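Quick notes on the structure that follows.
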Amino acid sequence: MKTRHILSASILLLFPALLAGAGLQVTSLKTDYKSGPLGIDNTRPMLSWVILSDRMNTMQESYEIRAALSERDLERGRNLVWETGRVRSSRSIHVPYEGDPLQSFQRVYWQVRIQDNHGQRSGWSNVASWEMGILDSDLWNADWISPLLEEKTNLSNPSPFLRKEFNLRPGISKARLYISSHGLYRAEINGKRVGDQEFTPGWTTYHHRVQYQTYDVTGLLNASDNAMGIMLGDGWYRGNLAWSGNRNVYGSRLAAIARLHVWYGDGSEVVIGTDDSWKSGTGPIRKSDIYNGETYDATRELVGWSTPGYDDRDWEGVEIMEIPLEKLIAPEGPPVKIVNELVPLSIRKVGDKQWLVDMGQNMVGWVRITARGNRGDTITLRHAEVLDREGKMYYDNLRSAEATNRYVMKGAGTEVFEPHFTFQGFRYVMVSGYPGVLQQDAVRGMVIHSDMGRAGTFSCSDSLINQLQHNIVWGLKGNFLDVPTDCPQRDERLGWTGDAQVFAPTACFNMHAATFYKKWLRDMAADQTSEGMIHNVIPDVLGGGGATGWADAGVVIPWVVYMNYADTSVLEDQFDSMKKWIGYMEEHAGEDLVWDGDFHFGDWLSFDDSSPAYMGAYTLTDLLATAYFAYSSGIVSDVAAILGRNDEAAHYKELSEQVKHAFRDEFVTPNGRLVSHTQTAYTLALAFDLLDERTEQLAARHLGNNVQQFGHITTGFLGTPLISLTLTGYGMNELAYLLLNRKEYPSWLYPVTMGATTIWERWDGQKPDSTFQDPGMNSFNHYAYGAIGNWLYQVVAGIGIDPDQPGYKHVIIHPRPGGGLTWAKASHESMYGTISSGWKKDGDQLTMEAEIPANTTASLHITGQPEQIFINGTGLIQSGLSYRTTEEGVVAETGSGRYKITTTLKEPRE
């Protein structure tokens, strides 16, 4: 390997400006990943910002942060609660607040300015802020209340309505509503809905943690008479959950707690909390269940129920519930919101008052429908993901989930209905009983998911692969609904840990997923047993756990979050949970460190062609369990080292090495053959670095031969995310492209050829003759196999993470063209700003383009000889960039900026 470095005082003259005229700016200020959050309970919030510069190779050399309790004080630089002075550091993400101790309800305003390595100094940034929530449970000044209504415990009851009237005087300066519930809630003040979040307070392990939300309701209040109302739904708390009619998992009674805090301009305050003076009743929501749907009778609407003066004389009272206030926590993850509205692709009449609606996309949410009809007319909406080969709605794979909404019309002109406390996973809707002709403008698909914000894009010259990427993203959208669920349509929709573990890298590229995972991981730790067992689903509603590859989510996902966001807090928060899980594995493996005998899901849904001569691509679960034991122990060693716990780092490193040795003794022959001769076995052994140097190369050969022999993928949930990266890593990129490009079953593109718009649970959920797999387990929106996305972004487009400088502090740009593609490109909104990588082939000429954000560096992997490579029109040799030669070409070290690279492709070496 050769290294060359030419210094040039005029290097900047070689490159065009990144953002002409922009100077040096600080933008996108975030507090705990969020813009202007309300109601946080982290007393050392982490502050981050993005730097924009009109110069190449820009690095932050120092920063200054100032914070105050009023915007005026901040801008005048007085009464500051925190002033860092000039801090010499390139750190621009996750800077912890270290000012005066924070108090409940405080709003903190802050700014930052920086100086860069070119001697430029930015102005103060725009003002950002955060607001504290309730840090002391004694400050709630409210009770948990439950409606005094006659209810049945074994079925869905009418949704309770709660209300209270109160008076406020003029001079309101601001008002906040802090609210939570057992069950789901929607709040209204003076006839208007509070906020736009759905499925609040969210799904947590309710026995340990219940989230509350904070809303700015200043604009909803009157300086006179007011009324507040709360609707409740069964939700995850007491509705159907899992299967076999399982209800009331967390309790049988719905409840709510609310605290309306009003501040006046003269400094006085008033609090209106839930107490025994509230009233309860029922209204139009006759039943509402996540699996089964909602029935809404508009003839029972309570007109004006959340406005002052409403006649509630016939309403019942409420009961004070003894529920610990200490369980109430501020939300960490993103809220669920309506993020898209879809217009139907087609509407077809299929019977008397029956219409088949095709939304054109397998989506998650509900249908909003508009109609004019007579009082008592009932519109029924039943949902399905696919049609059978006769073009009829296919319901069998929903199992017991009814997935049906009903609306009883009141007969008062144009009426609009959308449900409140249910969601469906569907592409097709059978609308029955619709009065008149159902037109396209009367139907809208309301798409919901956790509002993480889009982070990544990918596209290439192959339209089928682009549809695959589309399906990956929509599978993510449909299953990231406050927890990472397995599927959104049948009687399940649970936070399966195995699915989440394998998909996490792909999710973090496509979405800003850090806080989503951090919230879920806290529930995982809360549900973990004292012996260290991590449950199969989180929040735990099934009771089982300890399955390798599934429970390892408690180690792998914090590591993935750290790699993508360089956030050590997730490692600190989860470290004890990680150690407990390793202890559980060690206890169950025994002295020989080979974990055998326990139940594991294994390489779930791996390939089986049902041939009597072929046993299927079954991988021994003992092999998989021991492989994950070694892998997770190694991760925990790395985490301990990052946290400065050197003794523990050494302990877990030694444990990992011992388990690897046990793995080799038990499962590997001297010729590098594994006892399970499957793609998954070889993939994990290689990806987890379980083999010695000699057997490693032999095992890689076995993997390549296996892929060539079958000509297709045979892996299940555990092998699929890693096989393509492993093939590429061992110099078999052409085989990785072979797997990608295959269009027949089993492959990623087979469902695309069958019209899929999301990722399927099975490789052959729908067969070529349009018949279906086993309806007992056949979801058409199941993101696990979408984990191929990680390979698309890293290898095809070429955006990678440097493990030694995580969070894209140092970016790896390393596209590896192949598979007949003529171009590919991707982008990712990192914590530092936009990263992009793209390439285009024209004969033997390759053009690459890359964008690297300020305050980061990059390694550009370029195919070709140094003398054939030009960067922004200047030869590499003359550019002044540091570079080294490799077998593929060169690796050039760069700073921030936009780069256009041209090179001549060389034939790969034999």
Side-chain angles (χ1 to χ4, degrees), residues 2-25 50-60 116-120 457 459 797-800 802 808-817 822-830 832-886 888-906:
K2 296 180 290 186
T3 302
R4 182 179 180 91
H5 188 189
I6 299 177
L7 297 176
S8 172
S10 59
I11 185 173
L12 295 176
L13 300 178
L14 299 174
F15 303 104
L18 177 59
L19 291 169
L24 185 65
Q25 300 179 32
V50 171
I51 299 167
L52 301 178
S53 175
D54 63 355
R55 303 185 71 173
M56 307 286 284
N57 304 302
T58 295
M59 293 292 293
Q60 175 184 290
D116 68 14
N117 55 319
H118 304 303
Q120 294 187 109
T457 67
S459 59
I799 298 178
D802 181 351
Y808 298 98
K809 182 65 172 177
H810 182 75
V811 184
I812 307 298
I813 301 293
H814 190 184
R816 276 146 285 192
T822 58
W823 63 268
K825 61 182 179 179
S827 68
H828 177 72
E829 293 297 324
S830 74
Y832 296 98
T834 302
I835 301 164
S836 67
S837 173
W839 58 266
K840 183 177 182 181
K841 286 175 60 176
D842 185 4
D844 63 352
Q845 296 296 304
L846 178 69
T847 301
M848 295 171 53
E849 294 188 356
E851 180 178 357
I852 310 301
N855 208 29
T856 69
T857 57
S859 295
L860 305 179
H861 292 248
I862 309 168
T863 299
Q865 300 298 327
E867 62 272 14
Q868 298 172 320
I869 297 171
F870 291 82
I871 300 181
N872 289 345
T874 300
L876 172 63
I877 296 173
Q878 294 78 34
S879 70
L881 292 177
S882 173
Y883 67 88
R884 68 182 188 275
T885 59
T886 67
E888 294 180 349
V890 304
V891 180
E893 303 300 330
T894 67
S896 62
R898 290 196 179 110
Y899 299 90
K900 183 174 183 179
I901 303 152
T902 56
T903 182
T904 300
L905 293 171
K906 62 178 181 180

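Since the structure is predicted, the reported quantities are computational estimates derived from the model, not experimental observations.
- Atom CG in Asn57 sits 10.0 Å away from atom OG1 in Thr856 (nearest 0.5 Å).
- Judged by distance alone, the side chains of Gln845 and Thr904 do bring a donor and an acceptor atom under 3.5 Å apart.
- Contact check for Ile813 versus Met848: side-chain heavy atoms found under the 4.5 Å cut-off.
- Using a 4.5 Å cut-off on side-chain heavy atoms (C-beta onward), Leu860 and Tyr883 make no contact.
- Rounded to the nearest 0.5 angstrom, Trp839 CH2 and Thr847 OG1 are separated by 11.0 Å.
- Judged purely by atom type and a 3.5 angstrom limit, Thr903 uses its side chain to pair as donor or acceptor with the backbone of Thr863.
- Across all their heavy atoms, Thr58 and Arg55 have their closest contact at OG1-O, 2.9 Å.
- Across all their heavy atoms, Pro853 and Ile835 have their closest contact at CD-CG1, 3.6 Å.
- Side-chain contact between Met56 and Tyr899 is present, with heavy atoms from C-beta onward closer than 4.5 Å.
- No side-chain donor-acceptor contact under 3.5 Å links Asn872 to the backbone of Ser879.
- Interatomic distance, CD1 of Ile799 versus NZ of Lys825, reported as 12.0 Å (0.5 Å rounding).
- With rounding to the nearest 0.5 angstrom, the OG1 atom of Thr822 is 11.5 Å from the CG atom of Leu846.
- Taking OG from Ser836 and NE2 from His828, the interatomic distance works out to 12.0 Å, rounded to the nearest 0.5 Å.
- Taking 4.5 Å as the limit, some side-chain heavy atom of Gln120 sits within range of a side-chain heavy atom of Asp54.
- Classified by interplanar angle (parallel below 30°, tilted 30° to 60°, perpendicular above 60°), the ring pair His814/His861 is parallel.
- Using a 4.5 Å heavy-atom cutoff, the side chains of Pro866 and Thr885 are in contact.
- Summarising the local packing, NZ of Lys809 is surrounded by more than 12 heavy atoms from other residues, nucleotides or ligands at distances under 6.0 Å.
- Separating the CD1 atom in Ile869 from the CD1 atom in Ile901 is a distance of 8.5 Å, to the nearest 0.5 Å.
- The minimum heavy-atom distance between Ile852 and Gly895, with the atom names listed, is CB-O, 3.8 Å.
- Ser837 places a side-chain N or O within 3.5 Å of a backbone atom of Ala797 that can act as its donor or acceptor partner.
- Within the 3.5 Å criterion, the main-chain N or O of Met59 finds a donor-acceptor partner in the side chain of Asn117.
- When Thr894, Asp802, Val891 are each tested for a side-chain contact (heavy atoms from CB on, under 4.5 Å) with Ser859, only one passes: Val891.
- Salt bridge annotation for Glu893-Arg884: present, with a cationic side-chain nitrogen under 4.0 angstrom from a carboxylate oxygen.
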Please evaluate residues Ser827 and Thr457 with respect to the criterion side chain to side chain donor-acceptor pair (under 3.5 Å), reporting the C-alpha separation (whole Å), side-chain torsions for both, the decisive distance (0.1 Å), and the verdict. CA-CA 5 Å; Ser827 68; Thr457 67; 2.6 Å; yes

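- Between Tyr832 and Tyr808 the shortest heavy-atom distance is CD1-O, 3.9 Å.
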